[in-house]
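First the structure, then my questions, so here it is.
Computed from a predicted structure; not experimentally measured.
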Protein chains: 2
Amino acid sequence: MENVTIRMLAERLQLSTATISKALNNSHEISEETKQRVLALAAELNYVPNPYASSLRKKASNTIAVVIPEVADSFFAEAINGIESVAQEKGYHVLIYLTHESFQKEQAILRDFQSGRVDGVLISVTTETAAAQHGLEQLVKEIPIVFFDRVCEEITAAKITTDDATAAYKATTHLIAGGCRQPVMLSASRHLSISNKRTEGFRQALADHQLPFTAASIIYCSNDTIATHELLKKAIQKEHYDGIIATTEKLATAVYEAAAALHLQIPHDLQVIGFSNLSTAKFLNPSLTTITQPAFDMGKAAAALLFKALKSSSFALPEQQEVIPSTLLIRNSTLAAAD
Amino acid sequence: MENVTIRMLAERLQLSTATISKALNNSHEISEETKQRVLALAAELNYVPNPYASSLRKKASNTIAVVIPEVADSFFAEAINGIESVAQEKGYHVLIYLTHESFQKEQAILRDFQSGRVDGVLISVTTETAAAQHGLEQLVKEIPIVFFDRVCEEITAAKITTDDATAAYKATTHLIAGGCRQPVMLSASRHLSISNKRTEGFRQALADHQLPFTAASIIYCSNDTIATHELLKKAIQKEHYDGIIATTEKLATAVYEAAAALHLQIPHDLQVIGFSNLSTAKFLNPSLTTITQPAFDMGKAAAALLFKALKSSSFALPEQQEVIPSTLLIRNSTLAAAD
DNA sequence: CCGTGTTACTTAATCGGTTAAGTAAATAAA
DNA sequence: TTTATTTACTTAACCGATTAAGTAACACGG
């Protein structure tokens with residue numbers, strides 16, 4: 001059986017395709033009676049409109065893109081959840097693209113969006129992304145786009161972030177309160193504003209407690225699990241760190257792995273705080289003190305902002321910013337009590 | 001600036017749109033020289049073809065849909081990873097739809113696919129889905145579709161599964177070898193073939209070890225976290241289970257939660273095995289013995305199968321089946337040693 | 001009774017590509 | 001030299017919906 005089209009409905013009912021289209025879109029130009037007849041036949045024949053014909057004509061796809069580094073990170077998984085919940089409610093479709101932290105892939109993906117494939121974009125950039133070289137600047141002007149979590153500092157655009165500097169400051173203070181004198185921060189990128197802000201909060205907390213900030217205070221880790229494991233083991237042995245702030249979920253578990261390999265007891269030999277949304281954090285051995293980001297809400301907020309812009313073109317999207325606070329959840333991988 | 005179209009290229013080069021189209025598609029009808037001129041101008045003007053125009057005419061969207069219950073489950077997160085890796089390689093786009101275990105949502109989503117929005121579908125059905133009522137039977141005939149993990153037994157269609165019965169049998173045997181005499185299986189559905197197969201493996205293992213299979217041997221849990229928690233606590237207290245097989249990731253952590261609430265020691269009071277892909281399983285307290293499903297590979301296999309069908313229409317997709325084995329990873333939440 | 005609106009449609013152009021069918025010129029074969 | 005074939009294009013239809021513009025029929029106020 002062929003696909004049912006508007007033309008088929010028109011022929012059956014001896015009406016023009018224009019009438020059918022308008023009837024289906026509940027236009028005031030069409031009589032109640034005709035609308036009923038059209039709707040009835042459409043239901044009977046199981047008519048489903050071709051979205052691409054409609055998109056082509058209307059220049060709107062009812063589709064948004066989500067561009068993220070990976071899904072297997074509970075922050076992004078939860079964020080997708082938030083995004084999808086809003087999109088589904090608004091009748092939008094969600095295309096998903098994984099960059100795997102590759103700036104090249106990210107660029108290729110974004111370039112494609114100039115085709116009009118999507119009405120808007122939600123993006124969390126790769127660790128390699130530095131806004132300068134990027135066509136991002138250009139794209140922001142051409143298509144509604146909302147950055148979330150990993151944003152580009154240099155670009156004027158809509159952004160949903162969490163309070164990274166404050167969170168890092170709190171985490172660091174918490175480590176110090178637990179007796180830590182040699183804290184280190186594991187960072188995933190030198191370029192990302194999110195990383196720099198966390199570094200800033202970390203540095204500030206060290207300064208406020210008269211602890212030195214040196215070259216050894218930050219370790220930049222790659223996305224390569226094995227390399228990171230080796231790097232961590234060597235660094236911990238050499239520098240005798242007594243506290244670690246892991247700024248990504250993967251890095252947090254990497255620390256547990258390294259500690260196990262070096263026979264170090266968490267938290268007595270080494271305190272650990274992770275930026276993580278793992279629902280299993282409290283069941284880890286020992287349970288992991290976390291900076292928990294409001295992933296679901298950030299996803300929702302980003303999507304909501306985007307849809308607001310899509311609805312009214314007069315809405316000045318690029319000026320919107322929102323910061324949703326993270327929470328320090330104190331568990332057994334650190335020593336200080338809650339205050 | 002307006003979007004660049006094929007017509008604009010045509011006017012600039014004093015050629016017909018047909019020539020431009022063919023040149024861009026590297027048709028043999030076009031001279032090398034003209035192709036170069038077209039490509040050069042396209043690059044210069046940053047031409048990106050409108051996918052919807054092309055989809056409309058070619059009746060192919062270069063897009064697939066992934067329909068799953070949720071993303072915040074590491075099985076599905078990894079599966080998406082596998083799917084996306086294949087899709088990206090083949091130049092396909094991936095639409096994602098979350099059913100949140102709602103059969104109604106699932107139906108609405110699938111119905112939309114009759115519009116031609118996607119060239120193929122990868123689906124893992126909801127816990128509520130029973131094939132019979134479903135329009136699934138119909139859809140399978142109309143559009144290439146591959147079921148993965150949670151399949152519909154009654155439907156003849158392409159399926160990628162893991163060895164659920166065998167895995168459950170192994171898990172049960174392992175519990176029994178550790179001294180368990182009152183094992184219980186936590187199931188997420190009465191309808192799903194995946195659940196029934198696991199039940200079957202469980203039942204068989206009990207029978208082979210002269211243990212009774214009663215109404216209390218299986219607990220059906222809903223998707224409601226709080227209700228599940230209460231249900232679990234009560235059941236464990238009442239029936240004095242000494243071993244639990246949690247058939248979903250969420251249920252595994254729910255068991256840890258319930259055990260903590262009841263002050264039960266895992267594994268001494270209660271052994272636990274989870275069907276789970278959590279990368280943190282080995283860091284849990286105690287580390288969790290898991291049946292680990294090959295999530296990434298199942299995603300890849302499902303996508304590969306789908307693309308094979310999309311490439312050649314003569315390929316008999318509905319007859320394809322593949323079973324990829326799961327692995328029992330023995331850790332500290334159970335007592336028996338590896339054999 | 002005439003002009004003005006309103007109602008309920010139809011006609012035809014349009015979105016931006018793709019492709020079957022046609023054509024003119026050049027080349028090869030007979 | 002004539003016919004057949006190949007090359008490199010063009011023309012125009014088409015995919016399926018949307019929408020600006022047009023129209024016929026009827027109602028209504030003055």
Side-chain angles (χ1 to χ4, degrees), chain A residues 1-39 41-42 45-63 91 93 112-119, chain B residues 1-39 41-42 45-63 91 93 112-119:
Chain A
M1 190 187 65
E2 281 303 296
N3 259 334
V4 184
T5 68
I6 235 174
R7 167 174 281 121
M8 292 171 61
L9 299 181
E11 279 166 15
R12 287 272 208 121
L13 294 174
Q14 298 285 39
L15 290 169
S16 72
T17 61
T19 302
I20 306 293
S21 174
K22 287 172 182 167
L24 291 171
N25 289 297
N26 202 21
S27 160
H28 64 92
E29 289 180 42
I30 307 299
S31 72
E32 227 13 82
E33 194 212 320
T34 304
K35 279 182 191 171
Q36 292 311 319
R37 289 208 303 146
V38 172
L39 255 23
L41 186 64
L45 299 185
N46 194 25
Y47 167 76
V48 185
N50 182 316
Y52 298 136
S54 164
S55 291
L56 178 57
R57 181 65 226 251
K58 296 207 289 189
K59 297 192 172 225
S61 62
N62 265 265
T63 303
H93 300 259
D112 174 74
F113 294 159
Q114 303 200 318
S115 66
R117 186 184 297 279
V118 295
D119 298 340
Chain B
M1 187 187 64
E2 281 302 297
N3 258 334
V4 183
T5 67
I6 235 173
R7 167 174 282 121
M8 293 171 60
L9 299 182
E11 278 166 15
R12 287 272 207 121
L13 295 174
Q14 297 285 43
L15 290 169
S16 72
T17 61
T19 303
I20 305 294
S21 175
K22 287 172 182 166
L24 292 171
N25 289 296
N26 201 21
S27 160
H28 64 91
E29 290 179 42
I30 306 298
S31 72
E32 227 14 81
E33 192 213 321
T34 303
K35 279 182 192 171
Q36 291 311 320
R37 288 208 303 145
V38 172
L39 256 22
L41 186 64
L45 299 185
N46 195 25
Y47 166 77
V48 185
N50 182 314
Y52 298 135
S54 161
S55 291
L56 179 57
R57 179 66 226 248
K58 296 207 287 188
K59 295 189 173 230
S61 60
N62 266 265
T63 303
H93 300 258
D112 175 74
F113 294 159
Q114 303 200 319
S115 66
R117 185 183 297 278
V118 294
D119 298 340

C/dA8 phosphate, OP1 or OP2, under 4.0 Å from A/K35 side-chain N/O | no

Does any non-hydrogen side-chain atom of A/N3 lie less than 4.5 Å from one of B/K59?
-> no

Does some side-chain heavy atom of A/L24 sit less than 4.5 Å from a side-chain heavy atom of A/V38?
-> yes

Of C/dG17, D/dT18, C/dC9, the nucleotide closest to the side chain of A/I30 is C/dC9

Expressed in angstrom and rounded to an integer, what is the separation of A/L9 atom CG from D/dG16 atom P?
-> 12 Å

Closest to side chain of B/T5, choosing from C/dG17, C/dT10, D/dA17 = C/dG17

Phosphate OP1/OP2 of C/dT10 contacted by A/S16 side-chain N/O (<4.0 Å) = yes

Give the rounded distance in Å between these two atoms: CG of B/L24 and C1' of C/dG17.
-> 10 Å

Spacing between B/N50 atom CG and C/dG16 atom P, to the nearest angstrom = 7 Å

Phosphate-side-chain proximity, A/N25 and D/dT18, N/O vs OP1/OP2 below 4.0 Å | yes

Just to confirm, is there a sub-4.0 Å distance from OP1 or OP2 of D/dA17 to any side-chain nitrogen or oxygen of A/Y47?
-> yes

Tell whether A/K22 reaches the base of C/dT10 with its side chain through a donor-acceptor pair below 3.5 angstrom.
-> yes

Spacing of A/I6 atom CD1 relative to C/dC15 atom P, expressed in whole Å | 19 Å

Closest to the side chain of A/T34, out of C/dC9, C/dT19, C/dT14, is C/dC9

Does the side chain of B/R117 come within less than 4.5 Å of B/T63's, by heavy atoms?
-> no

Atom CD of B/E29 and atom P of C/dT23 are separated, to the nearest Å, by 15 Å

Scan A/I20 against the nucleic acid and name what it touches under 4.0 Å (heavy atoms): base, sugar-phosphate only, or nothing.
-> nothing

Against the side chain of A/L56, the closest entry in C/dG16, D/dA12, C/dT11 is C/dG16

Integer-rounded Å distance: C/dT18 C1' and B/R7 CZ = 13 Å

Identify which nucleotide among D/dT11, D/dT18, C/dT18 has an atom closest to any side-chain atom of B/S21, counting heavy atoms from C-beta outward.
-> C/dT18

Could you go through the side chain to side chain contact (heavy atoms under 4.5 Å, CB included) check for A/L41 and A/Y47 one step at a time?
-> CA-CA 8 Å; A/L41 186 64; A/Y47 167 76; over 6 Å; no

Take atom CD of A/E11 and atom P of D/dG16, then tell me their distance rounded to the nearest Å.
-> 12 Å

Any donor-acceptor pair under 3.5 Å linking the side chain of A/S115 with the backbone of B/N50?
-> no

Are the side chain of B/S21 and the backbone of B/T17 linked by a donor-acceptor contact shorter than 3.5 Å?
-> no

Compare the minimum distances between each of C/dA12, D/dA12, D/dC15 and the side chain of B/K59, then state the nucleotide with the smallest one.
-> D/dC15

Would you say D/dC9 has OP1 or OP2 under 4.0 Å from some side-chain N or O of B/S31?
-> yes

Specify the separation, in whole Å, of atom CD of A/E33 and atom P of C/dT7.
-> 17 Å

